[in-house]
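Everything below concerns the one structure shown next.
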Amino acid sequence: APWQLKLTADEGLPMSEWIKLVVDASKMGLEQVTSEDDILNMFKVNRTIFDKVKAEDEEQHIELMKLFKTRKDELKGE
């Protein structure tokens, strides 16, 4: 199954808190992936979420993309 992030946030939750949820959920997902294809699929399936993060906080988006790159590099090294 695709690596779909499922996030539920209370109405009125500050955007910064929502972004933190996205980052935390992404970290958990990236810990579970076992191939570069999994990483690519996780990114593709959740692209709209990541685009929203980019639109709201570009610095957090950059950090989020670094998580993906780091995990990809780890898998390449295995």
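In this text, all values refer to a predicted model and were calculated from it rather than measured experimentally.
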> Looking at F50 and M42, what are the two nearest heavy atoms and their distance?
Replying inline: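 So the minimum-distance heavy-atom pair works out to CE1-O, 4.0 Å.
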>> Restricting to non-hydrogen atoms, name the atom on W18 and the atom on L13 that form the minimum distance, rounded to 0.1 Å.
In response: N-CD2, 3.7 Å
> Sub-3.5 Å donor-acceptor pair from the side chain of N41 to the main-chain atoms of D37, do we have one?
Replying inline: yes
To the nearest 0.5 Å, tell me how far [X] [atom1] sits from [Y] [atom2].
X: F68; Y: L30; atom1: CZ; atom2: CG; value: 4.5 Å
X: L67; Y: S26; atom1: CG; atom2: OG; value: 7.5 Å
X: I19; Y: E63; atom1: CD1; atom2: CD; value: 12.5 Å

> Taking only residues two or more places apart in sequence or in another chain, which ones pass side-chain contact (heavy atoms from CB on, under 4.5 Å) with K69?
Replying inline: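 side-chain contact (heavy atoms from CB on, under 4.5 Å) list for K69, sorted by chain: D73.
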>> Among residues at least two apart in sequence or on other chains, which ones pass side-chain contact (heavy atoms from CB on, under 4.5 Å) with T70?
In response: E74
>> With side-chain contact (heavy atoms from CB on, under 4.5 Å) as the criterion, how do V33 and L75 come out once you've worked through the C-alpha distance, each side chain's angles and the decisive distance to 0.1 Å?
In response: CA-CA 9 Å; V33 299; L75 289 171; 4.2 Å; yes
>> Please list all pairs meeting salt bridge (Lys or Arg N to Asp or Glu O under 4.0 Å) that have one or both residues in residues 15-36, counting only residues at least two apart or in different chains.
In response: K20-D24
>> Applying salt bridge (Lys or Arg N to Asp or Glu O under 4.0 Å) as the test, list every pair that has at least one member in residues 41-56; sequence neighbours left out.
In response: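 Applying salt bridge (Lys or Arg N to Asp or Glu O under 4.0 Å) to every pair that reaches into residues 41-56, excluding sequence neighbours, yields R47-D51, K52-E56.
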> Linking I/L/V/M/F/W/Y whenever their side-chain heavy atoms sit closer than 4.5 Å, directly or via other members, would M65 and L40 fall into one cluster?
Replying inline: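 The answer is no; the residues belong to distinct hydrophobic clusters.
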> In terms of hydrophobic clustering (I, L, V, M, F, W, Y; side-chain heavy atoms under 4.5 Å; direct or indirect links), are L21 and M15 co-clustered?
Replying inline: yes
